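The structure displayed is predicted, hence computed values, not measured ones.
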Amino acid sequence: NNLIYLDFVYINKTKAYVSTPSSIGEYLDPLNLETFRNQQANALFDNATRAEALLYDNTDSVLYACSKLGLFRYKNKKRLPGVFNNMENNSYNDIVKIGNGNMVASSMGDGVFFFNKKYIRQVNEKDGLSDNMCTSLFAENDSTIWVTTLNGLNRISTKFVSGKFEIKIRNFYRNDGLPSNYINDMYVFGDSI
């Protein structure tokens, strides 16, 4: 039997949060199959959530977990209440952190959400996103996010102007050189995607 996990994120040099198909737990590193089995009984702190993606924000020691049932936050292994009502009950599949404490979460059906402790901004097809069915995210830098969808690739540039959050979206499709409009994941390396 192999160790099956959906995502993991390091808390520090000796611990990591691990998401499996049926739970989220805190484990000591290095993690192999034997230590995973031995630690599992004490490590689990949410045995009902299937988190597709995890993000640990070390500025406030909060773990973000993207699931098909919503975006959940944990501190000291205890679930925190939701921050924004209009982010609850969406199906999330990825999350990244960008500059100035901002987070971006992608959803299957509702586009992407840019948020921090004070505000939330939903970006969807009405704003120029190629599809609301997003599959993954990649943060190129603190102000540029790539969003993969079931209908093309999107580069979202962000900035604050006079205290207002502004975005600019550039879409890429097959006619731009993509092998398919269905993009599952991507990575930026230098000038290549």
Side-chain angles (χ1 to χ4, degrees), residues 6-19 23-27 44-129 132-149 154-169 188:
L6 300 173
D7 201 6
F8 71 93
V9 62
Y10 284 102
I11 304 166
N12 55 39
K13 291 181 180 181
T14 61
K15 289 184 182 177
Y17 288 124
V18 176
S19 171
S23 64
I24 302 172
E26 179 185 82
Y27 297 90
L44 297 181
F45 58 88
D46 185 337
N47 59 2
T49 299
R50 176 188 172 108
E52 306 294 326
L54 300 173
L55 175 82
Y56 183 71
D57 185 2
N58 58 10
T59 58
D60 56 4
S61 303
V62 171
L63 174 70
Y64 291 82
C66 294
S67 105
K68 293 188 182 339
L69 302 175
L71 179 64
F72 303 115
R73 301 178 317 134
Y74 302 85
K75 186 163 186 156
N76 299 322
K77 299 189 272 184
K78 296 197 178 359
R79 190 180 288 185
L80 300 172
V83 178
F84 301 106
N85 288 338
N86 55 342
M87 283 188 72
E88 294 180 10
N89 303 319
N90 294 330
S91 177
Y92 295 98
N93 55 19
D94 207 356
I95 185 168
V96 294
K97 185 174 181 181
I98 59 174
N100 300 320
N102 295 304
M103 309 280 186
V104 185
S106 60
S107 73
M108 284 299 284
D110 293 299
V112 295
F113 293 83
F114 290 79
F115 64 98
N116 64 23
K117 293 176 184 168
K118 297 178 183 174
Y119 78 91
I120 178 174
R121 167 87 190 269
Q122 182 179 9
V123 176
N124 55 31
E125 290 178 20
K126 293 176 188 172
D127 301 298
L129 200 63
N132 287 336
M133 299 292 282
C134 302
T135 53
S136 71
L137 298 170
F138 182 83
E140 182 177 356
N141 55 46
D142 284 347
S143 62
T144 304
I145 301 298
W146 291 84
V147 181
T148 63
T149 74
N154 303 265
R155 182 180 66 212
I156 303 177
S157 302
T158 65
K159 65 181 175 179
F160 281 92
V161 176
S162 302
K164 187 176 179 183
F165 182 71
E166 294 185 2
I167 62 163
K168 184 172 135 183
I169 301 175
V188 175

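- Residues T158 and R121 form no side-chain contact, since every pair of their non-hydrogen atoms from C-beta on lies 4.5 Å or further apart.
- Classified by interplanar angle (parallel below 30°, tilted 30° to 60°, perpendicular above 60°), the ring pair F45/Y74 is perpendicular.
- Between L137 and V147 there is a side-chain heavy-atom pair separated by less than 4.5 Å.
- Rounded to the nearest 0.5 angstrom, N124 CG and N132 CG are separated by 5.0 Å.
- Side-chain contact between Y27 and L44 is present, with heavy atoms from C-beta onward closer than 4.5 Å.
- Using a 3.5 Å distance cut-off with no hydrogens or angles, the side chains of S106 and N93 do pair a donor with an acceptor.
- Side-chain contact between L129 and C134: present, with at least one pair of heavy atoms (C-beta onward) separated by less than 4.5 Å.
- Ring geometry for F114 versus F165: interplanar angle of 30 to 60°, hence tilted.
- Sparse packing is recorded around CZ of F8, with 12 or fewer heavy atoms of other residues, nucleotides or ligands lying under 6.0 Å away.
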* Check the pair T49 / L69 against side chain to side chain contact (heavy atoms under 4.5 Å, CB included), numbers first and verdict last. => CA-CA 8 Å; T49 299; L69 302 175; over 6 Å; no

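- In this structure, OH on Y56 lies 14.0 Å from CD1 on I95, to the nearest 0.5 angstrom.
- Looking only at side-chain heavy atoms (C-beta outward), L71 and F115 come within less than 4.5 Å of each other.
- I169 CD1 to R155 CZ: the interatomic distance, rounded to the nearest 0.5 Å, is 11.5 Å.
- Nearest heavy-atom pair across R73 and P81 is NH2-O, 2.9 Å.
- Side-chain contact between F72 and D46 is absent, with no heavy-atom pair separated by less than 4.5 Å.
- Taking all atoms of both residues into account, the shortest heavy-atom contact from A65 to I24 is CB-CD1, 3.8 Å.
- The CE atom of M108 sits 12.0 Å away from the CG atom of D94 when rounded to the nearest 0.5 Å.
- Side chains of N100 and D142 form no contact here, defined as non-hydrogen atoms less than 4.5 Å apart.
- Y119 and N102 form a side-chain donor-acceptor contact under 3.5 Å, judged by distance and modelled atom types alone.
- At a threshold of 4.5 Å between non-hydrogen side-chain atoms, the residues W146 and T148 do not count as touching.
- Without hydrogens or angle criteria, K75 side chain to D60 main chain gives a donor-acceptor distance under 3.5 Å.
- Rounded to the nearest 0.5 angstrom, D110 CG and M133 CE are separated by 9.5 Å.
- In this structure, OG in S67 is found 10.0 Å from CZ in R50, a value given to the nearest 0.5 Å.
- Surrounding CG of N12 are more than 12 heavy atoms belonging to other residues, nucleotides or ligands, all under 6.0 Å away.
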